[in-house]
Amino acid sequence: MCIYHLAGHLIRRVNQISVATFLDSMQRAGIQLTPVQYSALATIQSVPGIDQATLAGRIAYDRATLGKVIDRLEQRALVERSVSPKDRRSKCLSLSPLGQQVLAQAQPLVESAQPKMMAGLTEGEQTQLLALLDKIAISGNKQSRAPLVQNAPQSD
């Protein structure tokens, strides 16, 4: 079978295109941000005080790798860590003022990049593709090395 017609190959290619489009948009604006860093910042903004383990579940990223991502965001003064009032072993995450500013600059770029990622599709096809991708992601979630845990309770 030709690899060009395999789902895994096509999904990987679409991911490459998606990441390249994202990074190009950020670079043009002078923003140093990766897709996972953006996801982390956006989620921290929507759930201030979220702990790192819960954040990992909410963005479907393994804890160890996400720890390194948070370390880099903290080093760049975009994220602040504080001791959880519920569990002193746990750290709560919040956006710094600079993190809020960077996220505010990045959000419209992310939104405007979405149509570029689906170039060549009609509006109806875009809607259908998103629905099908969501269906695949939901049905395969348990097989993922880092399953998505939507609306996960804080692990404190």
Side-chain angles (χ1 to χ4, degrees), residues 3-27 31-96 98-100 102-107 109-111 113-118 126-156:
I3 65 164
Y4 305 121
H5 302 291
L6 296 175
H9 175 77
L10 293 169
I11 291 167
R12 182 186 63 79
R13 286 290 297 133
V14 170
N15 182 60
Q16 287 175 321
I17 293 164
S18 171
V19 170
T21 302
F22 178 95
L23 293 175
D24 183 58
S25 294
M26 293 301 133
Q27 185 179 32
I31 300 172
Q32 285 187 295
L33 211 55
T34 66
V36 69
Q37 289 172 342
Y38 172 81
S39 295
L41 292 176
T43 303
I44 292 168
Q45 180 186 48
S46 68
V47 188
I50 191 170
D51 66 85
Q52 197 166 300
T54 304
L55 176 61
R58 293 231 180 147
I59 65 172
Y61 230 75
D62 68 274
R63 289 181 186 190
T65 304
L66 184 66
K68 294 173 187 169
V69 170
I70 297 300
D71 288 344
R72 284 190 291 278
L73 291 172
E74 186 179 36
Q75 289 167 0
R76 293 177 49 208
L78 301 177
V79 168
E80 297 170 345
R81 286 179 173 149
S82 59
V83 176
S84 169
K86 297 177 186 174
D87 180 352
R88 299 201 50 79
R89 297 167 296 171
S90 182
K91 300 285 185 185
C92 296
L93 304 171
S94 59
L95 295 184
S96 69
L98 179 59
Q100 292 172 4
V102 168
L103 183 61
Q105 292 171 328
Q107 283 175 323
L109 299 173
V110 170
E111 290 172 21
Q114 299 309 300
K116 295 175 192 171
M117 293 176 194
M118 295 194 285
Q126 290 177 19
T127 300
Q128 184 179 19
L129 175 63
L130 291 174
L132 291 172
L133 289 172
D134 189 50
K135 190 173 183 178
I136 291 169
I138 290 168
S139 69
N141 192 49
K142 289 182 181 173
Q143 286 117 23
S144 173
R145 291 182 182 180
L148 178 68
V149 184
Q150 291 182 327
N151 301 320
Q154 291 273 9
S155 63
D156 299 339

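Heavy atoms only: backbone and side chains are in, while hydrogens, waters and symmetry mates are out.
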- Message: Could you check whether any side-chain heavy atom of L133 comes within less than 4.5 Å of a side-chain heavy atom of V14, counting everything from C-beta outward?
- Response: no
- Item | Distance (rounded to the nearest 0.5 Å) between L129 CG and M117 CE | 12.5 Å
- Apply the test side chain to side chain contact (heavy atoms under 4.5 Å, CB included) to residues L95 and E80: give CA-CA distance (whole Å), side-chain angles for both, the deciding distance (0.1 Å), then the verdict. CA-CA 6 Å; L95 295 184; E80 297 170 345; over 6 Å; no
- For F22 against V110, the heavy-atom pair lying closest together: CE1-CG2, 3.5 Å
- Message: Could you go through L73 and L93, starting from their C-alpha distance and side-chain angles, then the distance that decides it, and tell me whether this counts as side chain to side chain contact (heavy atoms under 4.5 Å, CB included)?
- Response: CA-CA 11 Å; L73 291 172; L93 304 171; over 6 Å; no
- Query: Can you tell me how far SG of C92 sits from CD1 of I50, rounded to the nearest 0.5 angstrom?
  - Reply: 10.0 Å
- Item | Rounded distance (nearest 0.5 Å) linking atom CG of D24 with atom CD1 of I17 | 13.0 Å
- Can any side-chain N or O of T43 pair as donor or acceptor with the backbone N or O of A40 at less than 3.5 Å? no
- Message: Restricting to side-chain hydrogen bond (donor to acceptor under 3.5 Å, both in side chains), what partner residues turn up for N15, sequence neighbours left out?
- Response: none
- Answer whether the closest heavy-atom distance between the side chains of I59 and L66 falls below 4.5 Å. yes
- Message: Could you go through K68 and D62, starting from their C-alpha distance and side-chain angles, then the distance that decides it, and tell me whether this counts as salt bridge (Lys or Arg N to Asp or Glu O under 4.0 Å)?
- Response: CA-CA 10 Å; K68 294 173 187 169; D62 68 274; over 6 Å; no
- Query: So, the side chain of S25 versus the backbone of T21: is there a donor-acceptor pair under 3.5 Å, distance only?
  - Reply: yes
- Item | Shortest non-hydrogen separation from R63 to A56 and the atoms involved | CG-CB, 4.0 Å
- Can you establish whether the number of heavy atoms outside R13 located under 6.0 Å from its atom CZ is more than 12? no
- Could you give the distance from CG (L6) to CZ (R12), rounded to the nearest 0.5 Å? 11.0 Å
- Does the side chain to side chain contact (heavy atoms under 4.5 Å, CB included) test come out yes or no for Y38 and L103, once each step is laid out? CA-CA 7 Å; Y38 172 81; L103 183 61; 3.5 Å; yes
- Nearest-0.5 Å distance that lies between atom CG in L10 and atom CD1 in I3: 9.0 Å
- Item | R81 vs I70 side-chain heavy atoms within contact, under 4.5 Å | yes
- Take atom CD of Q114 as the centre, draw a 6.0 Å sphere, and report whether it contains more than 12 heavy atoms from other residues, nucleotides or ligands. yes
- Item | Spatial distance of atom OG (S139) from atom CG (D134) [nearest 0.5 Å] | 9.5 Å
- Item | Test item: S96 side-chain N/O and A77 main-chain N/O as donor-acceptor pair under 3.5 Å | yes
- Message: Quick check against the 3.5 Å criterion: does R72 have a side-chain atom that pairs as donor or acceptor with the backbone of Q37?
- Response: no
- Task: Give the C-alpha distance, both sets of side-chain angles, the deciding distance and a yes or no for side chain to side chain contact (heavy atoms under 4.5 Å, CB included) between Q45 and Q107.
- Result: CA-CA 12 Å; Q45 180 186 48; Q107 283 175 323; 3.4 Å; yes
